[in-house]
Each structure stands twice: as structure tokens, then as C-alpha cells.
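Numbering of ligands and ligand atoms starts at 1, following listing order.
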Amino acid sequence: MATKLVKRENLPTKLWVDNEFKEGTGATVKLVNPKDASTIAEFKGASEADVDNTVSISQKAFESGPWASLSGEEKGVILNKFAQLILDNASEIAYFESVCSGRPLAQCNYEIPRVASVYRYYAGWADKIRGDSYPPEDGFYKIVRQEPLGVCAGITAWNGSLHFLAWKSAPALACGNTVIIKPSEKSPLGTLAVASLIKEAGFPPGVFQVLPGGGDVGAILSSHMKIAKISFTGSTFTGRKIQDAATKSNLKRVTLELGGKSPALVFDDASLEKAVFWCTIGIATNAGQVCAATTRLFVQEGIADKFLAALKGSFEAITKTLGSDPQEMTTTYGPLVDKIQYDKVRGFIEEGKKSTEVIIGGEEYTKGGYFIGPVIFKNPSEEAKIYREEIFGPVLCVRTFKTEEEAIQLANDTDYGLAGAIYTQDVNRALRVASKVRGGTIGINCTSVVGPQVPMGGFGSSGYGRELGEYAIRHYTETKAIWINMN
Ligand code: NAD
């Protein structure tokens, strides 16, 4: 029988510490629904004292609590139960996720089973974390162990909070660490709703805690002397600060999942229908607020006119429904997350319009809420801000190319390297180009796909380290060599 513990009338607006909700004593967090700018809630986030207290509890749980002596199998049982509880409470968790972020409810619902599957995947890993050994040919028997790091903190962005929660906490817990997550102040309710299931799943107190709050809370965690690792998902701007704080404090381990300006390459032989479908997903999902959004589109000359006409048609269909209620299950395109992001994206659009041809979009939406329909700019200059900088909104820059070499050169002309997409029916070309485009995830006739076994992360200014799969295990364990003198 499904355990329904999350209820939308009980807003989870407290800190989750030591297996219970506690009032925060830090700065006020104000939550606003971006569809109409209405206030959802105001509550106190974590203060420095709250962070210190939570870290001490986490450290104690790591060193001497029951978690430290549970077997891998027992940890796996808890992670599996947690996954099931998330599934049992999916619709309410999805509602909390949608209401603050403006992400369509249907999309948040779609996400929940994928979040649960990450916990299930790492439940399977919990009894398979192993090391190596080397024979005593030199008189010493060598054992190499993978040991947990200690207190691991995750700081997350708002645009996929539940994914990031799972990607950070599941491998960390499977490896035997204790975890503190700080969700974005823009959309913490989904994460806190999931947190309310931690005790029921069987995690001992202090093992898995959640501290809502703003950038100040993230900064305190990043420079905390008792935190062994920070895993961050957010902007490159903030990532640099976190790395700096880690360096200046205790040299804690850091992994950074940062921004992007990812390319999509459409070759003459591409399936027009598939390429239009995926290029639309690549920029319209979350109204372009996706790290891996394919925001620079390069189309081969032979197909360019036909392709752009079809893409324009696809964007027109979205524009017609602009302003739809993201909390309705039929809505597929929502508003931007808040006024700050809305003003930022509008600023890029207005500046772009001064020098670059607009194929579709760009007008202001005046009926309320932070909505912006998809925009296509054609042939921006190589120096244009809209072409160079991450906008994190539904703004696409299009240029054409003649040859494969030119396409690769255009794709790699960026400091970022998060993702990329290649549209062609020639498998040899697809694999050749995929090997040359700099990016952590390359889609062939698809984009923005993730799965628990497959690593996710960036090259260059898109960060370093990998989440998901076996790759994440390396980032949540420390390697120890033990030498035994056999003589
Ligand atoms: P952001 O960098 O503004 O905030 C992310 C998190 O960092 C929030 O929890 C915030 O409170 C915290 N933070 C802010 N200042 C901090 C500080 N000084 N020290 C520590 N923490 C601090 O990013 P955002 O607006 O929430 O998200 C959008 C950005 O995230 C985009 O750049 C996007 O590309 C990136 N992103 C990357 C990935 C990825 O997997 N690579 C995924 C999603 C989003």
C-alpha cells in the first residue's frame, strides 16, 4: 500500500535536521510563483549557527552513528525504500517542484520516476564499493581501499532540483558518506518534500539533511572546515566562488556542474522531422533554462531554408500557448523562474535585436507572469553577447555552415563544453564529429538525455568531475593504500 506522506497543504518550509523539521534562524526566503508573481510562502532559511549545528550532527552520524556500521546491503535497502516513497508521493512532490520554479507540472511528474531510479541504481552499488590488491612480488602485499570522505554537501540549482538532489545524495550515501543538501532559494519545496521521507525510509538521524537558504548558506558550506566535499550545480560565476572558498578553507574536494552554450549541428542529410523535434526540445524545455540547452544552432547550407522554416513553425506552435498555467497537466511551456531571470533574458533579447535579424519571437509578453516565448536570432556576429554568453532562456542563435570541418570549428568556438547534438543519418560522420566536438555529453539525433548509468559533466568552463554512473563513485570515495610487510 502506497505511503502518502507529502500533502500540498503542508508547505515544507523548514530545515530538515537530525530527522526532523526545525525552524531556520537565518535570512528570509521568499517564494514566488512565476506564473503570476503571487507569493507562495516566506520562511527563515539556515543561519551560520544552523549550518554549524547541522554539520556537527552530520559528522557525528558519519563517525559514530549507526550508519557507519550498516552493511552495504542494509544501506541499499534504505535507498530502495526511499526510492519507493518518492514514487508513492510523486504527484505532491511534483506540485511543489512546479509551483516555485514555473516548470510545467507534467514535466516535474515525468522527472520523479527518473529521480527514484537514481536512488535504486546506487542502492545496487552500496554493497559493491570495492578496492584492489596487488601480490607481494616485492615482499609487500598491497591493498587499495575506497573509503568514504565524510560529510558531503551538495549545492543545487533550481532548474532540476530533484535530479540534482538524487545525483549528489545517492552516490554519496551509497559510498557511506553523510550528506547535507542546500537547494536553491528559488525553488526549495520539492527538495524539502522529498526530505520529509528520509526518516520513514530508515536513514538514521543526521545522515541525510537539507538546509534551505540563499547563496550565503552555500558560501558558509563551501568554506566550512568540517565538510569534506562540495558538489555544486549552478552557474560558472558561482562555481568559481565555491572553488575559491574550498581552496581557502580546508581544500575540500569539489565537483562543478556549471553552465553551457551547447551547439547543435544539423547536416544536409538529417531527418528534418527528427532534427526539428529535438532542436525544439533543445531550446524550449524549461523555457531554455537548461544547462545543456543547445543554444547555438549550425545548419548546413543545403537544408538551411527548409529546416529554419520548419523550426519556426514548431516555435510558433509554442508561442500560441504562451501564458498557459504551468500547474495544469496539459501545459508544456512555462514562465522563466523569477523577475531577475526574466529581466536578464529580456536584456539579452533587446540588445540582440539592435544588431541581429530575428526570425521569430522577441516581443514582450504583457499579460502577467514571467513568460518569454522562444526567439531565433539569425547570423549574430561572432562577438555578439547573445552568441557568446549563456543566456539561460529560450534564445537560439542560428548560423549556417558549408563543410564538416567548419561545423566542428564553429561548435568548439566557446569556452564552455557541457553538451552538443549532431543531426545526420550518416553513422560514420556522426561518430567522427561526436569525437571532435568538445563536450561532456554528445547526442546523435537527440539532445538533453540523461540516465543513471551514464556520466554527466562538463569540459572547460562547464566544470569538472562527473555525476551518475560508476564515475560518481570515484568522487565520493578517497583512495587509501595499505602495505603489508610479508617478511
Ligand atoms: P546559481 O549559481 O545562481 O545558484 C546555484 C546555487 O548556488 C543556489 O543554490 C545558490 O543559492 C547557490 N549560491 C549562490 N551564491 C553562492 C555562493 N557564493 N557560494 C555557494 N553557493 C552559492 O545558479 P542558478 O541560477 O540556480 O542555476 C542556473 C545555472 O546553473 C546556469 O548557469 C546553468 O547552466 C547551471 N546548471 C548547470 C547544470 C549542470 O549539470 N552542468 C545543471 C543545471 C543548471
So is [X] touching ligand 1 or not, going by heavy atoms under 4.0 Å?
X      : value
Ser222 : yes
Phe237 : no
Gly214 : yes

In the protein, what heavy atom is nearest to [atom], and what distance, to one decimal place, separates them?
atom                    : result
atom 27 (O) of ligand 1 : Ala157 CB, 3.4 Å
atom 12 (C) of ligand 1 : Ile155 CG2, 3.8 Å
atom 7 (O) of ligand 1  : Phe232 CE1, 3.2 Å
atom 25 (O) of ligand 1 : Trp158 NE1, 3.7 Å
atom 14 (C) of ligand 1 : Gly215 CA, 3.4 Å
atom 21 (N) of ligand 1 : Gly218 CA, 3.4 Å
atom 33 (C) of ligand 1 : Phe392 CE1, 3.3 Å
atom 36 (N) of ligand 1 : Cys291 CB, 3.5 Å

Does any N or O of ligand 1 fall below 3.5 Å from an N or O anywhere on [X], backbone included?
X      : value
Gly234 : yes
Ser462 : no
Leu258 : yes
Ser235 : yes
Glu185 : yes

For Leu418, atoms of ligand 1 separated by under 4.0 Å from a heavy atom = 41 (N)
Atom indices of ligand 1, in the order listed, that fall short of 4.0 Å to a heavy atom of Gly259 = 32 (O), 34 (O)
If only atom types and distance count, is the side chain of Arg120 paired as donor or acceptor with the main-chain N or O of Ala116 below 3.5 Å?
->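 Side chain of Arg120 to backbone of Ala116, a donor-acceptor pair under 3.5 Å: no, none is there.
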Ring geometry between Phe208 and Tyr119 (parallel below 30°, tilted from 30 to 60°, perpendicular above 60°) | tilted
Cationic N near anionic O, under 4.0 Å, [X] to [Y]:
X      : Y      : answer
Glu390 : Lys261 : no
Arg388 : Asp413 : yes
Arg240 : Asp244 : no

If we set the cut-off at 4.0 Å for heavy atoms, which region of [X] has an atom near ligand 1: side chain, backbone, both, or neither?
X      : value
Thr156 : backbone
Lys241 : side chain
Ile242 : side chain
Glu390 : side chain
Met456 : side chain

Establish, from distance only, whether the side-chain atoms of Ser47 and Thr25 form a donor-acceptor pair under 3.5 Å.
-> yes
Side chains of Lys168 and Ser231: donor-acceptor distance under 3.5 Å anywhere?
->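 Side-chain D/A pair, Lys168 to Ser231: present.
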Charged tip of Lys14 within 45° of Phe43 ring normal and under 6.0 Å | no
Should the pair Lys274 and Tyr423 be classed as cation-pi, given the thresholds of under 6.0 Å to the six-membered ring centre and 45° from the axis?
-> no
Compare His163, Lys186, Glu257, Gln341 and give the one whose heavy atom is closest to atom 40 (O) of ligand 1.
->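 Looking at heavy atoms only, Glu257 sits closest to atom 40 (O) of ligand 1.
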Considering only heavy atoms, which of Thr238, Asn159, Leu221 lies nearest to atom 44 (C) of ligand 1?
->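 Among Thr238, Asn159, Leu221, the closest heavy atom to atom 44 (C) of ligand 1 belongs to Asn159.
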Might you work through the side-chain hydrogen bond (donor to acceptor under 3.5 Å, both in side chains) test for Ser184 and Ser187, ending with a clear yes or no?
-> CA-CA 6 Å; Ser184 167; Ser187 181; over 6 Å; no
Phe232: which of Thr255, Val254, Leu256 passes side-chain contact (heavy atoms from CB on, under 4.5 Å) = Leu256
Could you tabulate the donor-acceptor pairs under 3.5 Å formed by side-chain atoms of residues 360-367, not counting sequence neighbours?
unit_1	atom_1	unit_2	atom_2	d
Glu364	OE2	Tyr342	OH	3.4

Gap separating the CD atom of Glu111 from the OG atom of Ser98, nearest 0.5 angstrom | 10.5 Å
Take Tyr387 and Arg399 through the test side chain to side chain contact (heavy atoms under 4.5 Å, CB included) and record every step on the way to the result.
-> CA-CA 10 Å; Tyr387 185 65; Arg399 292 165 71 100; 3.5 Å; yes
Yes or no on ring pair (Phe, Tyr, Trp, His ring centres under 6.0 Å) for Trp67 and Phe203, after CA distance, side-chain angles and deciding distance?
-> CA-CA 8 Å; Trp67 188 242; Phe203 288 106; 5.8 Å; yes
Check whether any protein heavy atom sits under 4.0 Å from atom 4 (O) of ligand 1.
->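 False for atom 4 (O) of ligand 1.
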